[in-house]
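Have a look at the structure below, then the notes.
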2 protein chains.
Amino acid sequence: MNKNQKRSECPLSCSLDMWGDKWSLLIIRDMMFYNKSTYGDFLKSEEGIATNILSARLLALEENEIIEKVDNPGTKARVFYKLTQKGIELFPILVEIHLWAEKYLTIPPNIKAIIKEAKKDKEGFIKSSIKELKKA
Amino acid sequence: MNKNQKRSECPLSCSLDMWGDKWSLLIIRDMMFYNKSTYGDFLKSEEGIATNILSARLLALEENEIIEKVDNPGTKARVFYKLTQKGIELFPILVEIHLWAEKYLTIPPNIKAIIKEAKKDKEGFIKSSIKELKKA
DNA sequence: ACCTTTGCTTGCATTTTGCAAGTGCAAACA
DNA sequence: TGTTTGCACTTGCAAAATGCAAGCAAAGGT
């Protein structure tokens, strides 16, 4: 993504300029649904992001204040990435994408279960999930 | 986008494989919000998509059954693109992106008005908008 | 002190995007 | 009935982003 050039004033276009590439939302997914927080965690995801792309995306997301980098010396993994409020509030978008996917794609059973839960009480599910994300 | 290789079974990842690039959602936006339907219409959008990219995206979206191509001989613009049901149902995702953007980006006044309307009664707004899209 | 893990960077090949120009065909015009 | 115009693309080439393999420094563990 081009860091500092937006294509137009359109909110959709600007949003895509920030996180509308092949990888950013997968990193955010990993943080939201799988509690991942380190460089190594993200690398392990089954899609297989390249190391240079990962570091470029983390930097861009940080610059756009969607995630923040937390230095944590004294721990094994000494760098943590966490979602900001701005990042956390992307959650409803990810939920809608999953709901769309559930209609038109074949979904692995474990994920299907979560989507079903989200469908039962969408607003409630989003609210409680966001609350959890804020705590962490 | 790579036409026929998905990176994983994850519904989010598969969705992004279909329409998660810099341009596809803008084309879909043009169809949903601005009633655009021809190659020339899409070209005129302020983001300035290149002709080869546009035709590649239209083809990919068609192959993924998000839009369909309608030949309309006898009219000046003889090729029309229209959203399928699958495409129309991306609408809630675009709405959520706009709601997120409204919180964190500066939005042009005309678009802000629409977002405000969507916020007042989200479910109702989505339902009636989808109904309209199906008619056309 | 040495080895391992973590979080990167670098170099280079491949793929995708961007831009300018050109093509083919149908409709509109003279 | 030419001819011109507009629309929907294609093509060629440059630039940027992505992908892959290797390397590397700093901290932690043993």
Side-chain angles (χ1 to χ4, degrees), chain A residues 1-8 13 16-27 30-31 34-64 67-82, chain B residues 1-8 13 16-27 30-31 34-64 67-82:
Chain A
M1 290 289 101
N2 203 323
K3 244 159 290 183
N4 30 14
Q5 290 211 82
K6 48 181 176 173
R7 291 172 286 173
S8 76
S13 164
L16 294 176
D17 286 340
M18 282 191 217
W19 45 259
D21 67 291
K22 276 180 68 182
W23 295 107
S24 295
L25 280 187
L26 296 185
I27 295 170
D30 284 350
M31 300 177 91
Y34 304 116
N35 247 314
K36 295 190 177 183
S37 61
T38 69
Y39 187 91
D41 284 344
F42 303 130
L43 264 193
K44 277 175 219 137
S45 292
E46 64 173 330
E47 290 85 10
I49 188 170
T51 56
N52 53 344
I53 307 297
L54 176 56
S55 75
R57 287 292 149 266
L58 288 171
L59 184 61
L61 288 172
E62 202 192 339
E63 286 174 344
N64 285 311
I67 65 175
E68 57 190 331
K69 194 174 179 171
V70 183
D71 267 21
N72 227 328
T75 54
K76 199 163 69 170
R78 69 208 100 94
V79 180
F80 288 86
Y81 293 94
K82 61 188 290 264
Chain B
M1 293 292 101
N2 203 324
K3 244 158 288 179
N4 30 13
Q5 290 212 84
K6 47 181 176 172
R7 291 172 287 173
S8 75
S13 164
L16 294 176
D17 286 340
M18 283 191 216
W19 46 258
D21 67 292
K22 275 181 68 180
W23 294 107
S24 295
L25 280 187
L26 296 186
I27 296 170
D30 284 351
M31 299 176 92
Y34 304 116
N35 247 313
K36 295 190 177 184
S37 60
T38 69
Y39 186 92
D41 284 343
F42 302 129
L43 265 191
K44 276 174 221 140
S45 292
E46 64 172 329
E47 289 87 8
I49 189 170
T51 57
N52 54 344
I53 307 297
L54 176 55
S55 75
R57 288 291 150 267
L58 289 171
L59 184 60
L61 288 172
E62 203 192 338
E63 286 174 346
N64 285 312
I67 65 174
E68 57 189 331
K69 195 174 178 173
V70 183
D71 268 23
N72 227 329
T75 54
K76 200 163 66 169
R78 70 206 99 92
V79 181
F80 287 86
Y81 293 94
K82 62 189 287 264

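Chain letters run A, B, ... following the sequence lines, proteins first and then strands; every chain starts at 1. Values reported hereafter were calculated over all heavy atoms of this structure, with side chains retained and with hydrogens, waters and symmetry mates removed.
Counting only heavy atoms from C-beta on, B/K69 has its side chain closest to D/dC9 among D/dC9, C/dG18, C/dT6. For B/T51, counting side-chain heavy atoms from C-beta on, the closest listed nucleotide (C/dG7, D/dT11, D/dC20) is D/dT11. The side chain of B/R78 lies closest to C/dA26 when the candidates are C/dA26, C/dT9, C/dG18. Among D/dT18, C/dG7, D/dA8, the nucleotide with an atom closest to any side-chain atom of B/V79 is D/dA8. Side-chain proximity of B/R57 to D/dC9, D/dC20, C/dT17: nearest is C/dT17. Proximity note for B/A50 (side chain, C-beta onward) versus C/dG18, C/dC8, D/dT10: the nearest is C/dG18. The B/W23 side chain lies nearest to C/dT17 when the options are C/dT17, D/dG19, D/dC7. Of the candidates C/dG18, D/dT18, C/dG7, D/dT18 carries the atom nearest the A/D21 side chain, counting heavy atoms from C-beta on.
For D/dT10, the OP1/OP2 oxygens have a side-chain nitrogen or oxygen of B/S55 closer than 4.0 Å. At D/dA17, none of the side-chain N or O atoms of A/K22 fall inside 4.0 Å of OP1 or OP2 (strictly under the cut-off). Between D/dC9 and B/Y81, a contact under 4.0 Å exists linking OP1 or OP2 to a side-chain N or O.
Separating the CZ atom of A/F80 from the P atom of C/dT5 is a distance of 17 Å, rounded to the nearest angstrom.
With hydrogens and angles ignored, the 3.5 Å screen pairs a side-chain donor or acceptor of B/Y39 with a backbone N or O of B/T51.
Scanning both residues, B/S24 and B/W19, for their nearest heavy atoms gives CB-O, 3.6 Å.
Contact of B/N52 with C/dC19 (side chain to base): a donor-acceptor pair of N or O atoms is detected under 3.5 Å.
Contact annotation: the side chain of A/L58 approaches that of A/I67 to within less than 4.5 Å [non-hydrogen atoms, C-beta and beyond].
With DNA chain C read from its 5' end, the first of the two nearest nucleotides for A/G40 and B/K76 is the one closest to A/G40.
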